[in-house]
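Chain identifiers are assigned alphabetically (A, B, ...) following the order of the sequence lines, protein sequences preceding nucleic acid strands; residue numbering begins at 1 within each chain. Every heavy atom of this structure was used, including side-chain atoms; hydrogens, water molecules and symmetry mates were not.
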Amino acid sequence: MNAILSVVYLVATITFIVGLKMLGHPATAKKGNYVAASGMGLAILGTLLLHDLEVPTMIYILIGLAILVGGAIGALMAIKVKMTKMPELVSLFNGFGGASAALIGLVAFSRQLGDATQATTVISGIVIGALTFSGSIIAWGKLDGTFKSVINIPKRNLINNILLTSIVVFAGFMVISGQQEPMYIYLLLGASLLYGVLFVLPIGGADMPVVISLLNSLTGIAAAITGLLYDNMVMLVGGILVGSAGIILTVAMCRAMNRTLLAVIFGAFGGGETVEGEDRAVGNITKTNAGDAAILMNYATNVIIVPGYGLAVAQAQHVIHELEELLTQRGVQVKYAIHPVAGRMPGHMNVLLAESNVDYDLLVEMEDINPQFPQTDVVLVVGANDVVNPAAHNDPASPIYGMPILDVENAKHIIVNKRSMNPGYAGIENELFYNAKTAMLFGDAKAALTELVAELKNL
Amino acid sequence: MNAILSVVYLVATITFIVGLKMLGHPATAKKGNYVAASGMGLAILGTLLLHDLEVPTMIYILIGLAILVGGAIGALMAIKVKMTKMPELVSLFNGFGGASAALIGLVAFSRQLGDATQATTVISGIVIGALTFSGSIIAWGKLDGTFKSVINIPKRNLINNILLTSIVVFAGFMVISGQQEPMYIYLLLGASLLYGVLFVLPIGGADMPVVISLLNSLTGIAAAITGLLYDNMVMLVGGILVGSAGIILTVAMCRAMNRTLLAVIFGAFGGGETVEGEDRAVGNITKTNAGDAAILMNYATNVIIVPGYGLAVAQAQHVIHELEELLTQRGVQVKYAIHPVAGRMPGHMNVLLAESNVDYDLLVEMEDINPQFPQTDVVLVVGANDVVNPAAHNDPASPIYGMPILDVENAKHIIVNKRSMNPGYAGIENELFYNAKTAMLFGDAKAALTELVAELKNL
Amino acid sequence: MNQWIDLIINNLDLIYILILAIFVGVEVIKHIPTILHTPLMSGANALSGVVVVGALLVMLNADPDDYLALCLGFIAVVLGIVNVVGGFAVTGRMLQMFKKKD
Amino acid sequence: MNQWIDLIINNLDLIYILILAIFVGVEVIKHIPTILHTPLMSGANALSGVVVVGALLVMLNADPDDYLALCLGFIAVVLGIVNVVGGFAVTGRMLQMFKKKD
Amino acid sequence: MKIGILKETKKGEKRVSISPKIAAQLIAKGFELIAEEGAGSDSSYKNSDYREVGVQTEERGVVFKEADILIKINPFDKDDLKLVNEGQILISQLFHKSDPELIREIAATKASAFSMDAIPRISRAQEMDVLSSQSNLAGYKAVIYGAYLMKKILPLMMTAAGTIKPARVLIYGIGVAGLQAIATAKRLGAIVRATDIRPETKEQAESLGAKFISVNGENNEQNSVYAKAASEDYARKQREAVNKSLFKSDLVITTAFVPGRKAPTLITTEQVEQMKNGAVIIDLAATEGGNCELSKLNKIVRHKGVKIVGTTIAPESVSYNASELFAKNVFNFIMHLTEGNQFKWDLEEEITDETLIVHKGEIRKT
Amino acid sequence: MKIGILKETKKGEKRVSISPKIAAQLIAKGFELIAEEGAGSDSSYKNSDYREVGVQTEERGVVFKEADILIKINPFDKDDLKLVNEGQILISQLFHKSDPELIREIAATKASAFSMDAIPRISRAQEMDVLSSQSNLAGYKAVIYGAYLMKKILPLMMTAAGTIKPARVLIYGIGVAGLQAIATAKRLGAIVRATDIRPETKEQAESLGAKFISVNGENNEQNSVYAKAASEDYARKQREAVNKSLFKSDLVITTAFVPGRKAPTLITTEQVEQMKNGAVIIDLAATEGGNCELSKLNKIVRHKGVKIVGTTIAPESVSYNASELFAKNVFNFIMHLTEGNQFKWDLEEEITDETLIVHKGEIRKT
Ligand SMILES: NC(=O)c1ccc[n+]([C@@H]2O[C@H](COP(=O)([O-])OP(=O)(O)OC[C@H]3O[C@@H](n4cnc5c(N)ncnc54)[C@H](OP(=O)(O)O)[C@@H]3O)[C@@H](O)[C@H]2O)c1
Ligand SMILES: NC(=O)c1ccc[n+]([C@@H]2O[C@H](COP(=O)([O-])OP(=O)(O)OC[C@H]3O[C@@H](n4cnc5c(N)ncnc54)[C@H](OP(=O)(O)O)[C@@H]3O)[C@@H](O)[C@H]2O)c1
Ligand SMILES: NC(=O)c1ccc[n+]([C@@H]2O[C@H](COP(=O)([O-])OP(=O)(O)OC[C@H]3O[C@@H](n4cnc5c(N)ncnc54)[C@H](O)[C@@H]3O)[C@@H](O)[C@H]2O)c1
Ligand SMILES: NC(=O)c1ccc[n+]([C@@H]2O[C@H](COP(=O)([O-])OP(=O)(O)OC[C@H]3O[C@@H](n4cnc5c(N)ncnc54)[C@H](O)[C@@H]3O)[C@@H](O)[C@H]2O)c1
């Protein structure tokens, strides 16, 4: 192989590592994306220009065409897609990567296979590539709404596992027996495609991101296998990197959703269990965590904190002040919106916040702050409930109807911290929590805010 | 090579990585040491038992003898050494490792060298091993007190750099010319040993840990080179691991001492600059940082906080309370020692700590807390000065002579947070800061404690 | 059995690379904030498009008259490039939100 | 020049291993608390004693009458083992302080 | 419609029902205002302050004659009622449950009367709730008053001349006044304990840093906003639970009410005798008979070294703020009752229904 | 030696120089004690409390006759001195610089006299420093007293009935009393501003959460513990700098002293007239002529809506704590002066030197 190309691949590999690393921190993520992308460009250009092969111009033209077409499609889709549709696009792209790997495997198979090692790589490349492809396409379709319903195949776990076992056994047989019959490989291909479909189809939409991440990790492995096949280091190392990082990411996502990866892989995914029945009554709630809330607030221009009785119960006044100071240091404009009846006695919030030395100038009365919500990036509601309940405007039957409230729903993002979905003093449901803009940060206010402050410091 | 041995080496390599990782966290460090040690045992045993060579019994006996002797010496030295003498012991051991690498290189050189690659490895192994050896021995001697004075060789930087360049050029010449004359290699060996000595000799005792770390990193590189020579993966990867980790560690240590690695390597080390003249007047002060202070407190059984006027100036009452709560959660027993004249008005500390809701029961009066200091693991003095100044006991000339003080010097460790070495209200020096048990945590109390809390949370 | 031993011995370097790369992948990703999960997934997805290098090799190595290889290779390149270009572009868009407004 | 290119091509795997190992080393050590500097240094020092494997190989490979090799190898093994055993033992002692007393 | 602001006639009362600031707001809403001369003088408002914002100031008789709506803080008394005309609307606190005789007399005048103290304790009525706004101030001032009378200071101080132990403060009744008293005593650095018959007040007291004293066999039926009268059994258990704290307390503030009934007796003479020499009791329930057996309204009783202060003067003593808040409550109340300056008389509506005691001479509530 | 505790004779004084607790400590050290009957009654100590710890209680004359050391808080007056015998040791505050006549009279009795108010302001003397221990309580009580007199509350409250703005408190003089006043007002939620002639007090005021008002051309020579008298130029600049805050203040507390001189006049009548209606001034410097032109000792002067309270009663009004602290100071002082119950008369030693005004009939300090 060409020595310069080797160096180019080496450099590309390093950019992958560094790029991935940078992608893991909010402050460097954008740059990381560029770094990784430029490494990829380098690898592709190097492959094209630095080989020692004799290649007919026709093939160059074909390659050029393929790159043009592919590049145009990719770029267009990426630019056109709506913000909310991005995850499914990622899934689609991932499927393409898998398909590419499977196709390469097929071509390799069509040539004579060498030793068992090579057979293993080629066949596993095809299997993994194919199931990644079909699985990703299904995931894309489900998220996109093309395949709507959660299809409940009876005994799907059993069927899936049997299918998977058959594929593995059959592939093993092919390797050991040295079978090169095209029929067989197409059979295997078909089975793999089918497995991908069956694997993803029964899974609920909410779990899709985990599935996509898992499939993504598999594509990485497929790429690594292809690298093995061509003795190509950039594919090998790059693929493994994606594979291992992808698994870790999948686990992290599972953890963020309070599931285990085992449960995910072995079919505990699924229809019935994903959504807690109760919440459904009014709508879906979105949960968030301290890390996300911290990032949202860190990158906001202005934040309004709405304290309520829960802040007093949790005795979180000192932490909220710390949070406010920290955000202010970061250049975020922070105010407190004080509802006249927040808490359990007149001036409850004032006593509380005075104790932690919050500047009086930051406390804004309801009438003054209400017009400011539409221009507010993030509202953080801490242990308040009735005082931000839109039922006061909307629901004449509600006991608080007619009471002026803090119109937090006009803000761009709303983070609500409380311990549970329990109602407040007035004992009524709060629609705000089901608002699409609202993310619930569950937990005792003191603990949750302490975590939030810690996350913020790590940014 | 034997496949099982390869696997053994692979496992050993992994234990090295994992062990090193675990060594980096206080909670897992002990286990990490075991993990790494057992990996090392595995590698040694594997090497001895799983080779395919025909080895005469005599050699086995010799090897056994060497291991017994070496093991006994190593174990004895490690067990016997006093806590305070450990760093020099590490340096000594490190020198041995370097010597071992150099000897291996010499043996290899004595056989015929193959291609340039092999020559490069052998010769660089000898050079690096030798200078690590002599450098480490000097470092050990300096720390141990065997070589006492800072020897100031005139123009030492110039001499050192000329010597280094000569070594490199000469080694390069040997590789390229394919010289195999033993004389030459002994010359090189001698020059390397000399360089090690000259490199370390002029450096002040305070900088020794950085030097040791750097030499340690070099030993790792020597080991890796040896691995290359024998095509032995465990040596190669293990050595590189130590080499790269060692460099990072060296940089980290430099940073902790407010120096740059460049300054260190290129001779900015050194005699005159290391100690600030002023401090010398009364003695040496030891600086610490939030990370260390956090660990010290986290692993303490009991901590006493001594607040003073600085706490009020910094308005750090809320943070100190957070610190106290955090430590209490971790099972550390925390109390505040309130000196009757701490601050600038009677009850100043009480007002302050009441504001942050510190439990009254945790505030202990001077007479009650003074007998408790000898049983106290850590005292954290925050912005207090006169009220902990032993001059009140010892120095009849002092304006505070006869004033009762908090006898914090009886505690096992003392951490003092203040912004500088400036005196307090009474305008006098405080011996406490120069006490061997005292570590100074410089910085505004609020900032320093906030960092301390953050570090504590990361533990 | 022997086959496996051979496999190990012949590919020892690769195995080391594999294991080290896994370590790097894991170390590099650990402790990322949840909000970066999706962009990171997207970025990793773009990286997995490195398989396009393989597709290019297929085409470069193909005989001009090996239509199967050329055809499949062409599709593979197209798909791979879509993955790479689209992947990085989408990731870039997702990361827009981390621009500090001021 | 050619020599170097050969070097690279022949040792490509090793170079990858090298670079990946450096990454692992760096990632693994980053962000350690200062108080662990010394124990870590000590632990790394013990690990660098892995050179003893080389010393053992010297002896194992030595002809029984190659006294130079045997002699130097013997010393190398002794020194290496001192480094390993002493290194781990000292590290262990340094780490005693992280035992949670209760 | 014309709103008449009357000067309070009750002894010691320093507040006024409408402050100049709120008067201006009412005028902006289209009402005419007329005030009795000197109505605001004890709250630091001069007649000129009223005239500046457009309020007519007149003699008492003129106000009664010209106004359509008459506003006071304290109940209209016999002298007032002589001047009231048919069809006029009276707004004040009436405490109609404790004084049916007065209600009958109002009905006799064929006027309509709203009672501000009858506003239901629901979230949306809170802006008109004078009991809340005034008890809040009372809770604050009770602590200040107590701290003023004490020979000790409240906070802990460790000084060169020895340590001063923090004062122990005990609060009976954790309603609005009790909570504010907790907050204020806590701010001053005292050790605060509190007790109440309603169990849900535990969390509220703790949210302000007080320790709650639970009474064994807590009255579990007590879960409404208002307390019910306690059984004798409960009272005994309460004494047992609280005594330890009571005998160590330096300042005791009692705020326990049971609406429409005499205030419960929570501290007996016998208990007072076991209290610390120099302790102070501020009894905010004195108007309703007091929570302490010994307390006398508007008197400081000294009993065996303990000062017992029977008072309601607390809001009056912060007359400036108290008048502002009362006025704002009244403003909100009037806004709630009227539309385009005319009363809606929406008798179905909860707040109107609960507060309209006499409607055009007819008694609606007893 | 026998220590005599005298009852204070000054009007309004409620403290006693030695509390039973400290008396017990002195007895433990080997002193004998004798107290005038009723000495502690205003600080809630009964005669029996003294007797219980071993103090003899006797009539006034007996105490003067039997005691070797006589202790009071306020200066010995003419009546006292008639009963003093040669060789007795008098300990009290003497304010010798302001009253040389009294010192001459003491000298005439051939007794020795220590003045507690002359204890030097050095760290090790702080435990005997009665000015510190008493001003500290004064600072606290001044705020409580002010809050009690005000018609407003101190904290900010945002309530359903509107927002109550926090009171603005202004402190003149950031010595011990001023600092404690800042702390207390701050605790109660007020917005606190403070000013002093000594620039180093800025950091101290800020360490308690107050904003410091700097006076242009700050007196830079002022860097000792005690303030020097200000120039007229400074006084004018100070008025200019402070006026804006002063005219917005609801409560003003003045604590400025210049030792051995009349207290500086910081608030003129003209300034008072521009203050808010309802504002309160507590002038703790009233004994030395007051920091406010209008203040009269122990009187509440009302001037155009402003109440000016000239007082020193603050420590007396917390007599219980004040007596404890004073007693502890005296205890530490006696411990410092004696060894094995005998006076050391170590005239070289700074504290002894500064406080021993009259030594066996000879005047040492003027
Ligand atoms: N201000 C007054 O004078 C006064 C007097 C009496 C009544 N009220 C009434 O009280 C209400 C005040 O409204 P609000 O929004 O302040 O309170 P709220 O409506 O009672 O809601 C408080 C919320 O805080 C949450 N919470 C409790 N403890 C918490 C903790 N430790 N950590 C985090 N969250 C916690 C609770 O949810 P989880 O249980 O799920 O955590 C609850 O939903 C109004 O209805 C008002 O009318 C006011
Ligand atoms: N309590 C009273 O009533 C009273 C009254 C008057 C005088 N005094 C006297 O005041 C002294 C009190 O002793 P103390 O130990 O509390 O105070 P201190 O002796 O005055 O020492 C305070 C220390 O805090 C440090 N500091 C200041 N600002 C800081 C900040 N922002 N962050 C961290 N450290 C800060 C200062 O050192 P850096 O500048 O290096 O940071 C200073 O050395 C005694 O001498 C006492 O006699 C007391
Ligand atoms: N939702 C709203 O809008 C609103 C408005 C104002 C008040 N409130 C609530 O109404 C409740 C009552 O407020 P309030 O201050 O007017 O009450 P209140 O003045 O009627 O009584 C004061 C307190 O005394 C307690 N008490 C009565 N008998 C007692 C006994 N024997 N022993 C001990 N305690 C006894 C009561 O439980 C009450 O907490 C409070 O919980 C308050 O939060 C609600
Ligand atoms: N080191 C010690 O042991 C110790 C003990 C007690 C007090 N002190 C210090 O002594 C100092 C004085 O304490 P004090 O309370 O007894 O003082 P003080 O009672 O004599 O005076 C009170 C304050 O008034 C200020 N003042 C005087 N003239 C003024 C003017 N024209 N304008 C504005 N302010 C003016 C003074 O600067 C002083 O701060 C304080 O700084 C205190 O911390 C030290």
Next on the checklist: Can you tell me how far apart CG (L14(D)) and CG (D13(C)) are? Round to the nearest 0.5 Å.
Outcome noted: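 That separation rounds to 5.5 Å.
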Item to check | CD1-CG distance between I22(C) and L20(D), expressed to the nearest 0.5 angstrom | outcome: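 Atom-to-atom, I22(C):CD1 and L20(D):CG are 11.0 Å apart.
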Checklist entry - Any side-chain heavy atom of E27(C) within less than 4.5 Å of one from V24(D)? => result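 No, side chains not in contact.
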Next on the checklist: I'd like to verify something: which residue of V28(C), I19(C), V26(C), I17(C) has the highest number of heavy-atom pairs under 4.5 Å with chain D?
Outcome noted: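 Option with the top pair count is I17(C).
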